[in-house]
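For reference, the structure is listed below as structure tokens.
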Amino acid sequence: MNRVLVVEDEQHLAEGLRFNLEDEGYQVQTVETGESALDVLRAQPSGFDLVILDVMLPGKDGFSVMSELRGEGQFVPTLMLTARGHPEDVLKGFAAGADDYLTKPFELAILMARLRGLLRRREWLRASMDASARPVTPAEAPAADEFRFGDKTVNFDRLELHVRDQVFPLTLMEANVLRYLIQHEGTAVSRKKMLEEVWGLHEDTDTRAIDNFMVRLRRYIEDDPSHPRHLLTVRGVGYRLIAAPEKS
Ligand code: CA
């Protein structure tokens, strides 16, 4: 049985979610504040399969909860609930480490579909790694669920980045962004296109939030994040991933 933690201070909404999730066969716990969400998740690091996290909470908000959790190495798939009319919150949520979002008010059927999607996402990530899109020579061809550049290996199956002897867990969204860049290896991709194709955002969103996301990816994959060699900024456009930069 899949276990869900619902973090929502509006009681009628929290109870409505509990009722409907239990009806769908989920085991549900609800908490009303960010602080109590962190307490529960720290006490049971593998106690939940999914978290539904409202952004607007009394005290510590959903963004802080999300970034603290990810900072502590907790990568439970998390759906954030954002307020309508704040598209920048979506990117803020992703930058904090959320895996998906839904704008309030939402339809229950959509929420259920998103949760099922999150549970299946690892499988999708693995399946959609198109072998032909990966610029590797046969001699160094890695296993089907991996991409290697230099001494760094992205394992899309385990959602991990291996850098020499270090392992960094990735969120589903981080893996999605890396996969997108890898599929466009060597070419510049615009912030707008990434917003549309990775995040599914068609609004006129503030694209600078993407830059925060890239700063985090650079901390993972670059030897010197302030002088990136793999994940390059293309001035006035966006980003370009170089799998094998020229030796300098
Ligand atoms: Ca709320």
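Just so you know, ligand 1 is whichever comes first in the structure, and atom 1 is the first atom listed for that ligand. Side-chain atoms are counted along with the backbone in the values below, which use heavy atoms only and exclude waters and symmetry mates.
- One side chain, T233 or R218, offers a donor N or O that lies under 3.5 Å from an acceptor on the other.
- If you look at E8 and ask which of its N, O or S atoms sits nearest the Ca ion (ligand 1), the answer is OE2.
- With 3.5 Å as the limit, one finds no donor-acceptor pair spanning the side chains of D39 and S36.
- Within D9, the N, O or S atom at minimum distance from the Ca ion (ligand 1) carries the name OD1.
- For N155 and E160, the side-chain atoms include no donor-acceptor pair closer than 3.5 Å.
- Within the structure, the ring-ring contact (aromatic ring centres under 6.0 Å, His included) test picks out no pair touching residues 33-74 (sequence neighbours left out).
- Looking only at its N/O/S atoms, D54 has OD2 as the one nearest to the Ca ion (ligand 1).
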